[in-house]
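Scroll down for the structure; my scribbles are underneath it.
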Amino acid sequence: MRQYWLMKSEPDEVSIDDALAAPKRTISWFGVRNYQARNFMRDLMKVDDGVLFYHSSCAVPGIAGVARIASAPYPDTTQFDKKSPYFDPKAAPSEPRWTAIDVEALESFPVITLSDLKAEPTLEKMRVLARGNRLSITPVTSDEFRFITTRLSKRAR
DNA sequence: GCCAACGTTGGC
DNA sequence: GCCAACGTTGGC
């Protein structure tokens with residue numbers, strides 16, 4: 001069954017529009033260095049899963065577009081690169097510890113802001129809104145995904 | 001820049 | 001295995 005995810009990116013690094021402008025509208029989602037988020041990518045994500053593309057650490061945090069998972073998970077090569085900020089001295093190519101995955105951008109829309117999301121009773125259980133949540137990848141229910149991509153994204157236009 | 005919340009590390 | 005110290009996230 002198709003699953004749904006919210007993935008946080010800093011738009012200064014990669015925005016939804018950057019992803020839409022990339023070859024095949026597809027970017028490699030690398031740099032995840034949290035085991036729980038890694039496990040979602042490595043163990044649960046499947047091609048064609050739906051993705052809410054979230055902009056974080058920016059002026060207007062919120063959901064800025066929709067994407068889909070476009071590959072199987074594969075080792076994040078930045079973990080082996082001494083010059084990368086994502087270098088992990090404990091990772092070895094024979095035993096990769098961190099995972100990347102390809103994400104294909106489908107659509108951008110005016111940001112559905114964090115306060116918009118918090119104001120929706122329908123979304124009160126949304127994982128990304130839970131108190132203290134810091135995970136950069138969180139599961140989204142099919143109802144939440146549908147509500148956001150059909151109703152909220154239209155309202156924002 | 002502040003700071004709450006949470007994850008990781010490492011001494012014991 | 002405990003837990004204090006430290007580092008990171010991310011909204012504000």
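We name chains A, B, ... by the order of the sequence lines, and we start the count at 1 in each one. Owing to the predicted nature of the structure, the values given are computational and were not obtained by experimental measurement.
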Could you run through nucleotides 2-9 of chain B and give me one letter per nucleotide, 5' to 3': B if any protein heavy atom sits under 4.0 Å from the base, S if only the sugar-phosphate is that close, - if neither? ---BBSSS

What's the verdict on ring-ring contact (aromatic ring centres under 6.0 Å, His included) for A:W29 and A:F53, showing C-alpha distance, side-chain angles and the deciding distance? CA-CA 11 Å; A:W29 203 281; A:F53 198 113; 5.5 Å; yes

Should the pair A:W5 and A:F40 be assigned to parallel (<30°), tilted (30 to 60°) or perpendicular (>60°) ring geometry? tilted

Which residues pass the side chain to side chain donor-acceptor pair (under 3.5 Å) test with A:Y35, sequence neighbours left out? A:R97

Is A:Y74 atom OH crowded by more than 12 heavy atoms from other residues, nucleotides or ligands, each under 6.0 Å away? yes

Report yes or no: does A:T26 contribute a side-chain atom to a donor-acceptor pair with the main-chain N or O of A:K24 at less than 3.5 Å? yes

